[in-house]
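In the text below, chain A, chain B and the rest are named by the order of the sequence lines, each starting its count at 1.
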Amino acid sequence: MVACLSCTPDAFPRTNPFPFSKPKFGSQEALLSLHKCTNFKHLKRVYAKIIRHGLSHDQLLIRRLLSLCSSYGKMDFATLVFHQIQGPLTFTWNLMIRSYTINDCSKQALLLFNLMISQGIPPDKFTFPFVIKACSAASAIEMGKVVHGLAIKTGFVGDLFVLNTLMDLYFKCGRVDFGCKIFEKMRVRSVVSWTTMISGLVSCDELDAARGVFEKMPGKNVVSWTALINGYARNQPEEAFELFWRMQLDNVRPNEFTLVSLLKACTEMGSLKLGRWIHDFALKNGFKLGIFLGTALIDMYSKCGSLEDARKVFDKMQVKSLATWNSMITSLGVHGCGEEAISVFAEMERGNVQPDAITFVGLLCVCVQTNNLEEGQRYFKYMGEHYGITPIPEHLICMTELYSRAGMLDEDCKLVNAMPSEPNDNILPALLHSSKVYGIVNMEKFLHGKLDFSTVDANSLQRNWLQVSKWDAG
DNA sequence: ATAGGGTTAG
């Protein structure tokens, strides 16, 4: 309508004849502005306008604003806005809980749920799936049990969505028995219930049981096929392909996830030929080189020995994720192309992609390979000071190597004592090994206090020792 | 006039 009127300039002069009258800005207009938002800066301006026009108590507007904040990853701002609302309704609490989880703040999600309950806000059938997902993301099984109890008390536990997420929670937290119990007691099961069961059994490594459930399952779809294929990919890669052929006979079309699982199987077999076949299959069947498929291809090519192909895929990818950059940097490092790895990192920084701990594992490994202590120290310092990344045990292994080789044993001990996160059992044996090799007595004592040998299996010890000795040779 | 579950890569 506005566009129409502006076509008649004679009747409607371009300059505003009433300079003191403001254009109307009500709920409709605010909603429209929010709809047109393209970035966070813009969003903040619209929020300011909403406040100025006294619209900050409009529930619909604020919810729309909150979900935009969430999609921009600005949960700090969303928190601020949320706490300005007077008497937020259940819907709004749910939205916040979900948004925190999506943005990797599952602990905040759980805190907010606690606040909600303590304020007497009644949860609804949507609240439970959101908060249970937060529990799995935070690996908070005890909290999960409390939520489960509350779901029973309020009667929402009868909801299929609630049961499916609960099942998933127990599987992800290693309580296969609880997960199975829920599945067995379910009166109605959806495709999702069956698939959650299959992937749950796949994840503690009960492949035979998963297979049994799969064969009994009615209405198998791509997701259920892929869950099982993915299970076989790691331990029985040939069987993963057998299933893939069977799936095609069943006329179920694979998706990006299926191909990624099959690429994992190729990597496991070390079969460049089969990996190339999957790549070819993807191209012939019109698959886009998305971030998951692309990154899996880079990983496969690199691990199957063709760094050139890995690089080609990387260069072709239109959209890259953090994992894509990490995979390329690590691949280059492993193949001894340290300089190229560092130049890819520089390119990543120029593109304003935030590196994470894994990126620096790749870079520090390059330093270990080239035995460049100064560069290693520089990256280690830079990582914390510039990006606020706290070291993980893998970083410390690299630094330990570098210091040990330079004979700077004191630095090693300082490093280990300053270790911020609890080193995991896969890493400790490696650290212990290098401390033995280089005779760092203090560190050895320190580590002995931390290491519970009963939980370390012999294979992982062997693997890590081999890794360290490879670095020794390099 | 808006929200939910299962499979993927470093």
Among the candidates B:dG4, B:dG10, B:dA9, find the nucleotide nearest to the side-chain atoms of A:Lys303.
B:dG10
Could you tell me whether A:Trp194 and A:Phe214 have their ring centroids closer than 6.0 angstrom?
no
Ring centres within less than 5.5 Å and planes less than 30° apart: is that true of A:Phe91 and B:dT2 in this structure?
yes
If stacking means aromatic ring centre less than 5.5 angstrom from the base's six-membered ring centre, planes under 30°, is A:Phe130 stacked on B:dG4?
no
With a 3.5 Å cut-off and heavy atoms only, can you find an N or O donor on one side and an acceptor on the other between the side chain of A:Asn221 and the base of B:dG6?
yes
Using a heavy-atom cut-off of 4.0 Å across all strands, would you classify A:Leu160 as base, sugar-phosphate, or nothing?
base
Sequence neighbours left out, what passes salt bridge (charged side-chain N to carboxylate O under 4.0 Å, His left out) with A:Arg64? Give chain and number order.
none
Centroid under 5.5 Å and tilt under 30°, A:Phe292 to B:dA9:
no
Over all strands shown, is A:Ile298 touching base, sugar-phosphate only, or nothing at heavy-atom distances under 4.0 angstrom?
nothing
Any pair with a residue in residues 174-184 of chain A that passes side chain to side chain donor-acceptor pair (under 3.5 Å), sequence neighbours left out, goes on the list, sorted by first then second residue, please.
A:Arg175-A:Asp177
Determine the contact category for A:Ser190: base if any of its heavy atoms lies under 4.0 Å from a base atom, sugar-phosphate if only primed atoms, P, OP1 or OP2 are that close, otherwise nothing.
base
Near DNA chain B, under 4.0 Å by heavy atom, which residues of residues 61-78 of chain A?
A:Arg63
Would you give me the side-chain donor-acceptor pairs under 3.5 Å for residues 113-125 of chain A, sequence neighbours excluded?
residue	atom	partner	partner atom	Å
A:Ser118	OG	A:Asn114	O	3.3
A:Ser118	OG	A:Leu115	O	2.9
A:Asp124	OD1	A:Asn94	ND2	3.0
A:Asp124	OD1	A:Phe126	N	2.9
A:Asp124	OD1	A:Thr127	N	3.0
A:Asp124	OD1	A:Thr127	OG1	2.9

Residue set satisfying salt bridge (charged side-chain N to carboxylate O under 4.0 Å, His left out) with A:Arg189, at least two apart, ordered chain then number -> none
Given the structure, check if the side chain of A:Asn94 and the base of B:dA3 hold any donor-acceptor pair shorter than 3.5 Å.
yes
Under 3.5 Å donor-acceptor pairs involving side-chain atoms of residues 274-282 of chain A, not counting sequence neighbours:
residue	atom	partner	partner atom	Å
A:Arg276	NH2	A:Asp309	OD2	2.5
A:His279	ND1	A:Tyr301	OH	2.8
A:Asp280	OD2	A:Lys284	NZ	2.9

